[in-house]
Enquirer: 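Structure below; questions to follow.
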Amino acid sequence: MVREIKNSEQRELLNLYLYLHEQFVPDMTERLKNTWEAIMRDRNHHIIVNEVDNELVSSCVCVIIPNLTRNVRPYALIENVVTHEDYRGKGYATECLNYAKEIAEKENCYKMMLLTGSKDAATLNFYRNAGYNSSDKTAFIQWLE
């Protein structure tokens, strides 16, 4: 079942992020607690999850960004697309991305964007099959310490 995350599922999400790029689940610090609470209060920040047998198996984040161009239409940024390795290839992440698209359409976004660090052809084809392209724009990233 694809839906938005519940406040009580923070630890489950952090465990799922071990299949993204995290090396460990962070300690429950005041910073983590405050960040989680800020995300939960932000009506433009959507953590989408897919649950199978009461377990979070896939997730993505959709952030709606207000904008002054394009007839004052917002855009959506998709981040942290992840699926537990035991559940890959079953369409769970696609369902999360489709749910994010529904949110973006409801919010009248004019585009959705995502970045991936993967060079794996299967991953790139997954995003293409989900409706994204890599030909319209060029992405640049500057990593900060």
Side-chain angles (χ1 to χ4, degrees), residues 1-67 73-145:
M1 172 179 66
V2 66
R3 59 176 171 76
E4 291 205 45
I5 198 163
K6 298 173 189 169
N7 193 36
S8 62
E9 295 175 316
Q10 176 197 50
R11 184 61 52 188
E12 290 176 72
L13 180 67
L14 293 174
N15 282 321
L16 183 59
Y17 282 168
L18 294 173
Y19 296 95
L20 185 61
H21 49 63
E22 297 301 309
Q23 301 299 314
F24 59 90
V25 175
D27 293 330
M28 181 52 72
T29 61
E30 194 67 22
R31 180 174 173 213
L32 177 60
K33 179 180 174 279
N34 291 340
T35 300
W36 178 256
E37 289 173 359
I39 289 170
M40 291 292 99
R41 284 190 310 268
D42 186 350
R43 73 168 216 75
N44 286 320
H45 200 130
H46 305 269
I47 300 176
I48 299 158
V49 296
N50 208 330
E51 176 186 359
V52 175
D53 297 328
N54 297 316
E55 181 180 353
L56 299 187
V57 301
S58 190
S59 180
C60 73
V61 172
C62 175
V63 179
I64 307 300
I65 302 169
N67 182 39
R73 291 177 65 194
Y75 57 94
L77 178 64
I78 306 300
E79 263 293 337
N80 298 337
V81 180
V82 61
T83 301
H84 186 293
E85 67 184 1
D86 294 342
Y87 294 87
R88 291 182 181 157
K90 297 176 176 22
Y92 298 123
T94 298
E95 289 176 354
C96 288
L97 290 175
N98 288 340
Y99 194 95
K101 184 177 181 181
E102 290 175 17
I103 291 170
E105 289 173 335
K106 185 180 120 236
E107 295 294 330
N108 196 31
C109 291
Y110 78 94
K111 71 177 175 183
M112 297 175 67
M113 299 183 298
L114 67 79
L115 300 170
T116 180
S118 178
K119 306 296 183 222
D120 180 64
T123 301
L124 300 178
N125 285 330
F126 163 74
Y127 289 124
R128 285 185 191 101
N129 291 335
Y132 295 85
N133 76 70
S134 58
S135 60
D136 287 347
K137 295 203 175 212
T138 302
F140 291 90
I141 298 175
Q142 183 179 60
W143 296 102
L144 305 174
E145 288 187 38

Enquirer: Under the rule for side-chain contact (heavy atoms from CB on, under 4.5 Å), what residues qualify as partners of N54, not counting sequence neighbours?
Expert: E51
Enquirer: For a quick test of reading the model, state the closest non-hydrogen atom pair linking C96 to V2 and the distance between them.
Expert: CA-CG2, 3.9 Å
Enquirer: Please report the interatomic distance OG1(T123) to CZ(R128), rounded to the nearest 0.5 Å.
Expert: 10.5 Å
Enquirer: Of all heavy-atom pairs between V82 and L20, which one has the smallest distance, and what is that distance?
Expert: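 Closest pair (atom of V82, atom of L20, distance): CG2-N, 3.6 Å.
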Enquirer: Quick one: side-chain contact (heavy atoms from CB on, under 4.5 Å) partners of D53, sequence neighbours excluded?
Expert: none
Enquirer: Would you mind writing out the side-chain donor-acceptor pairs for residues 99-111 within the sub-3.5 Å range, not counting sequence neighbours?
Expert:
residue, atom, partner, partner atom, Å
N108, OD1, R73, NE, 3.4

Enquirer: Minimum heavy-atom separation for S135 to N133, with atom names?
Expert: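 Here S135 and N133 meet closest at N-OD1, 2.9 Å.
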Enquirer: Please report the shortest heavy-atom distance between W36 and I5, naming the atom on each side.
Expert: CH2-CD1, 3.9 Å
Enquirer: When you compare the side chains of N34 and R31, does any donor N or O come within less than 3.5 Å of an acceptor on the partner?
Expert: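 No, R31 and N34 have no side-chain donor paired with an acceptor closer than 3.5 Å.
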Enquirer: For residues P74 and P66, report the shortest heavy-atom separation together with the two atoms involved.
Expert: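 Taking every non-hydrogen atom into account, CB-CA, 4.2 Å.
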Enquirer: What residues, two or more places apart in sequence or in another chain, satisfy side-chain contact (heavy atoms from CB on, under 4.5 Å) together with L14?
Expert: Q10, R11, Y17, V25, P26, L32
Enquirer: Verify side chain to side chain contact (heavy atoms under 4.5 Å, CB included) between E30 and K33, making sure each step is shown before the conclusion.
Expert: CA-CA 5 Å; E30 194 67 22; K33 179 180 174 279; 4.1 Å; yes
Enquirer: Does anything in residues 84-94 pair up under side-chain hydrogen bond (donor to acceptor under 3.5 Å, both in side chains), and if so which pairs, sequence neighbours excluded?
Expert: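 Residue pairs with at least one partner in residues 84-94: Y19-H84, E55-Y87.
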Enquirer: Of the non-hydrogen atoms in L124 and K119, which two are nearest, and what is the gap between them?
Expert: CD1-O, 3.9 Å
Enquirer: Who passes salt bridge (charged side-chain N to carboxylate O under 4.0 Å, His left out) against K6, sequence neighbours left out?
Expert: none
